[in-house]
> 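Encoded as structure tokens, here's the structure I'll be asking about.
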Amino acid sequence: VQLQASGGGLVQAGGSLRLSCAASGRAFRSSAVGWFRQTPGKEREFVAATSFNAGTTYYADSVRGRFTISRDNDKNTVYLQMNSLKPEDTAVYYCAAGVAPRTRGGNYDYWGQGTQVTVSS
């Protein structure tokens, strides 16, 4: 499974962005997908995860109610809709695929390159 994250950019606080994680390979449709983020000098942080059929989703407390993870398996794509963005959401965002939705990055087998999200105050 190869993953390509996109959709990052610069947005003002309170604004919205939608990240996409496009995948190649049939295995993606049976894979859980997670979003993580990282800022310089800090550990990678879990953001959200979805099971292969979106029947189960998890969110970090810091984003619950503002971010929504979804997927379109016909398009081999997982989305992260980010609303009410805050400056502390600024980070490089990564998507990852694995067997089951987990909050630990070590449980994911495949990672995409990151996409930068910058939220100005």
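Only heavy atoms go into these numbers, but all of them, side chains included; no hydrogens, no water, no symmetry mates.
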> If you measure from the Lys or Arg side-chain nitrogens to the Asp or Glu carboxylate oxygens, is any gap between Lys86 and Asp89 under 4.0 Å?
no

> Please check if Val33 and Val47 belong to a single hydrophobic cluster, counting links between Ile, Leu, Val, Met, Phe, Trp and Tyr side chain heavy atoms closer than 4.5 Å.
yes

> Mark yes or no for whether Thr57, through its side chain, and Thr50, through its backbone, hold a donor-acceptor pair below 3.5 Å.
no

> So which atom in Gln38 and which in Glu43 form the shortest heavy-atom distance, rounded to 0.1 Å?
NE2-C, 4.0 Å

> Roughly how far, to the nearest 0.5 Å, is the OH atom of Tyr93 from the CD atom of Glu45?
7.5 Å

> The test is side chain to side chain contact (heavy atoms under 4.5 Å, CB included); show your working for Asp72 and Tyr79 and say whether it passes.
CA-CA 8 Å; Asp72 185 340; Tyr79 304 98; 4.1 Å; yes

> Which heavy atom of Gln116 sits nearest to which heavy atom of Thr90, and what is that distance?
NE2-CG2, 4.0 Å

> Between Gln4 (side chain) and Gln113 (backbone), is there a donor-acceptor pair under 3.5 Å?
no

> Rounded to the nearest 0.5 Å, how far apart are CZ of Arg26 and CG of Asn76?
10.5 Å

> Measure from the side-chain N and O atoms of Tyr59 to the backbone N and O of Ile69, and report whether any donor-acceptor pair falls under 3.5 Å.
yes

> Shortest non-hydrogen contact from Ala97 to Leu3?
N-CD1, 3.6 Å

> Using side-chain heavy atoms (C-beta onward) and a distance below 4.5 Å, is Phe52 in contact with Ser31?
no

> Could you check if a side-chain atom of Val63 sits within less than 4.5 angstrom of a side-chain atom of Arg37, using non-hydrogen atoms only?
yes

> Verify the ring-centre separation between Tyr58 and Phe46: is it less than 6.0 angstrom?
no

> What are the two closest heavy atoms between Thr115 and Gly7, and how far apart are they?
OG1-N, 4.0 Å

> If you group Ile, Leu, Val, Met, Phe, Trp and Tyr by side-chain heavy-atom gaps below 4.5 Å, do Met82 and Val78 land in one group?
yes

> Within 45 degrees of the ring normal and closer than 6.0 Å to the centroid, is that where the cationic atom of Arg71 sits relative to Phe28?
yes

> Is it the case that more than 12 heavy atoms not belonging to Arg29 sit under 6.0 Å from its CZ atom?
yes

> Considering all heavy atoms of both residues, which atom of Gly105 and which atom of Trp111 are nearest to each other, and what is their separation?
O-CZ2, 3.4 Å

> How close do Val1 and Ala23 get, counting heavy atoms only, and between which atoms?
CG1-CB, 4.3 Å

> Spell out, yes or no, whether Val11 and Leu80 are grouped together once hydrophobic residues are joined by side-chain heavy atoms under 4.5 Å, including indirect joins.
yes

> Does some side-chain heavy atom of Phe67 sit less than 4.5 Å from a side-chain heavy atom of Leu85?
yes

> So does Arg102 get a backbone contact from the side chain of Tyr108, meaning a donor-acceptor N/O pair under 3.5 Å?
yes

> Tell me if the CD atom of Glu88 is crowded by more than 12 foreign heavy atoms within 6.0 Å.
yes

> Using side-chain heavy atoms (C-beta onward) and a distance below 4.5 Å, is Asn107 in contact with Val99?
no

> If you round to the nearest 0.5 Å, how far is OG of Ser24 from CD of Gln2?
4.5 Å

